[in-house]
Amino acid sequence: MTRRKLIAGNWKMHGRSADLAWADRLSALMPLPPRSEIVVCPPATLLSGMAARVPGWVAVGAQDCAAQPDGAHTGDLSAPMLADLGARYVIAGHSERRRFHGETDALVRAKAEAALKAGLTPVICVGETLDQRQGGEAQSVVLRQMHASVPDAAAGRIIIAYEPVWAIGTGVHASPGDAGQMHRALREAWRGGDGEALRILYGGSVSPENAGELLSRADIDGALVGGASLDPARFAAIIRAAG
Ligand code: PEP
């Protein structure tokens, strides 16, 4: 089974309208469409501007969505609203949302279901903390998170991002061997019979320096890139490393 690689950039809470020039710089650096699927997830304030500016081979994604389509939820943005702004993907359950906003597996699952209903592809994040890894619980924690946060859907409609919490924004990435092993465990534990079709990204301090080694592993289908996605030259180098 060949799974097309996917490289997604997560800008987190960074960026102003002037930063939409990122799209022009990326186009200039990569005049030809890469083989991988490319997604950029700017803050919601820049979604429609980014969607209008990126080259055709870059899709736009949001970083979060509400579990409801409309209603009395002040400050929230629903999946249909994000789709209306041009988003085609949405990140659900990033560890920063789980940690700073108390998002539970059940809420993450409801958000991912809302995304699917709105025609968006959810990128659902799972990952263990350093204490859990050091305690030998990494795999059980991550599989439990997957079972509880991922809706029942065909593998082709969902993307999972394995993001060890201790690797996010720290400059310390999981070894390709450890990441590959976790991706294999996730694929084998997938509820549907189509685990080989499931795309699983690795995220956590991916850089131009380590992307080649990580992305060459058979079970690593791409990367969710935080810090390094803000710089178009570094993001382009990661795209090139994906082949
Ligand atoms: C992320 O934001 O999901 C992420 C992995 O960040 P970084 O690449 O900066 O570690």
Side-chain angles (χ1 to χ4, degrees), residues 1 3-6 8 10 63-65 67 89-116 120-170 172-206 210 213-226:
M1 158 82 51
R3 295 176 298 267
R4 191 173 175 214
K5 291 233 189 299
L6 190 155
N10 171 19
Q63 298 176 12
D64 178 42
C65 68
Y89 295 78
V90 60
I91 299 170
H94 190 283
S95 66
E96 288 154 11
R97 304 242 17 126
R98 290 177 185 265
R99 184 163 159 224
F100 302 127
H101 296 266
E103 293 197 3
T104 60
D105 286 331
L107 179 61
V108 173
R109 182 182 171 130
K111 289 182 171 200
E113 278 166 356
L116 287 168
L120 301 178
T121 300
V123 179
I124 304 162
C125 301
V126 294
E128 81 284 0
T129 63
L130 188 58
D131 278 356
Q132 289 165 334
R133 175 153 286 270
Q134 287 173 343
E137 299 172 72
Q139 190 165 306
S140 60
V141 165
V142 168
L143 294 189
R144 206 179 323 125
Q145 276 181 345
M146 177 179 76
H147 289 308
S149 331
V150 178
D152 293 317
R157 298 188 63 205
I158 298 261
I159 292 166
I160 292 182
Y162 167 55
E163 298 211 304
V165 177
W166 48 268
I168 297 178
T170 59
V172 179
H173 61 93
S175 72
D178 284 352
Q181 206 172 34
M182 188 65 86
H183 287 216
R184 176 81 339 232
L186 284 162
R187 202 180 301 293
E188 285 174 1
W190 177 251
R191 278 184 299 256
D194 53 352
E196 293 306 317
L198 183 65
R199 285 196 290 178
I200 307 174
L201 315 182
Y202 167 76
S205 297
V206 174
N210 60 35
E213 208 191 347
L214 284 159
L215 294 167
S216 65
R217 301 291 298 206
D219 277 303
I220 300 184
D221 303 316
L224 182 53
V225 184

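Bear in mind that the values here come from a model prediction, so they are computed numbers and not experimental data. Just the heavy atoms: all of them, side chains too, but no hydrogens, waters or symmetry mates, feed the values below.
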Among residues at least two apart in sequence or on other chains, which ones pass side chain to side chain contact (heavy atoms under 4.5 Å, CB included) with S216?
none
Do any side-chain atoms of residues 179-190 form donor-acceptor pairs under 3.5 angstrom with protein atoms, and if so which ones, sequence neighbours left out?
| residue | atom | partner | partner atom | Å |
| --- | --- | --- | --- | --- |
| H183 | ND1 | I200 | O | 3.3 |
| H183 | ND1 | D219 | O | 3.0 |
| R184 | NE | D219 | OD1 | 3.4 |
| R184 | NE | D219 | OD2 | 2.9 |
| R184 | NH1 | E188 | OE2 | 3.2 |
| R184 | NH1 | E196 | OE2 | 3.4 |
| R184 | NH2 | E196 | OE1 | 3.3 |
| R184 | NH2 | E196 | OE2 | 3.2 |
| R184 | NH2 | D219 | OD1 | 3.1 |
| R187 | NE | D219 | OD1 | 2.8 |
| R187 | NH1 | G195 | O | 3.2 |
| R187 | NH1 | L198 | O | 2.5 |
| R187 | NH2 | D219 | O | 3.1 |
| R187 | NH2 | D219 | OD1 | 3.3 |
| R187 | NH2 | D221 | OD2 | 3.0 |
| W190 | NE1 | D194 | OD1 | 2.8 |

Counting only N and O atoms by type, is there a donor-acceptor contact under 3.5 Å from the side chain of R191 to the main-chain atoms of V150?
yes
Quick check: closest heavy atoms across I168 and S95, and the distance to 0.1 Å?
CD1-OG, 3.3 Å
Tell me yes or no: between the side chains of R199 and T121, is some donor less than 3.5 Å from an acceptor?
no
By side-chain hydrogen bond (donor to acceptor under 3.5 Å, both in side chains), which residues pair with D131, not counting sequence neighbours?
none
Applied to residues 91-111, the ring pair (Phe, Tyr, Trp, His ring centres under 6.0 Å) test, sequence neighbours excluded, yields none
side-chain hydrogen bond (donor to acceptor under 3.5 Å, both in side chains) partners of Q145, counting only residues at least two apart:
none
Only counting residues at least two apart or in another chain, list the ones meeting side-chain hydrogen bond (donor to acceptor under 3.5 Å, both in side chains) with E128.
R133, Y162, W166
Quick one: are V123 and N10 in side-chain contact, heavy atoms under 4.5 Å?
no
Pairing residues for A148 by the side chain to side chain contact (heavy atoms under 4.5 Å, CB included) criterion, not counting sequence neighbours
D105
Cationic N near anionic O, under 4.0 Å, R157 to D152:
no
dist K111:NZ -> I124:CD1 (nearest 0.5 Å) comes out at 12.5 Å
With a 4.5 Å cut-off on side-chain heavy atoms, are C65 and L120 touching?
no
Give a yes or no answer on whether the side chain of K5 reaches the backbone of I220 with a donor-acceptor pair at less than 3.5 Å.
yes
Of all heavy-atom pairs linking G93 and V108, the shortest is CA-CG2, 3.5 Å
By side-chain hydrogen bond (donor to acceptor under 3.5 Å, both in side chains) - contacts of Y89 (at least two apart)
E37
Over all heavy atoms of both residues, which pair between L224 and C125 is shortest? Give the atoms and the distance, please.
CD2-SG, 4.0 Å
Looking at E213, I'd like to know if its CD atom is crowded, meaning that more than 12 non-hydrogen atoms belonging to other residues, nucleotides or ligands lie closer than 6.0 Å.
no
Is there a side-chain contact between L116 and I158, using heavy atoms and a 4.5 Å cut-off?
yes
So, does S205 use its side chain to make a donor-acceptor pair with the main chain of A167 at under 3.5 Å?
yes
Gap separating the CE atom of M146 from the CD1 atom of I160, nearest 0.5 angstrom:
5.0 Å
Among residues at least two apart in sequence or on other chains, which ones pass side chain to side chain contact (heavy atoms under 4.5 Å, CB included) with T104?
A106, L107
Qualifying salt bridge (Lys or Arg N to Asp or Glu O under 4.0 Å) pairs, either residue in residues 136-148, two or more places apart:
none
Closest heavy-atom contact between A110 and A67?
CB-CB, 3.8 Å
Is it true that atom CZ of R99 has more than 12 heavy atoms of other residues, nucleotides or ligands lying nearer than 6.0 Å?
no
Please list, chain by chain and in numerical order, all residues satisfying salt bridge (charged side-chain N to carboxylate O under 4.0 Å, His left out) with R97, sequence neighbours excluded.
D64, E103
Could you check V142, L143, V141, V165 and say which one makes a side-chain contact (heavy atoms from CB on, under 4.5 Å) with V126?
V142
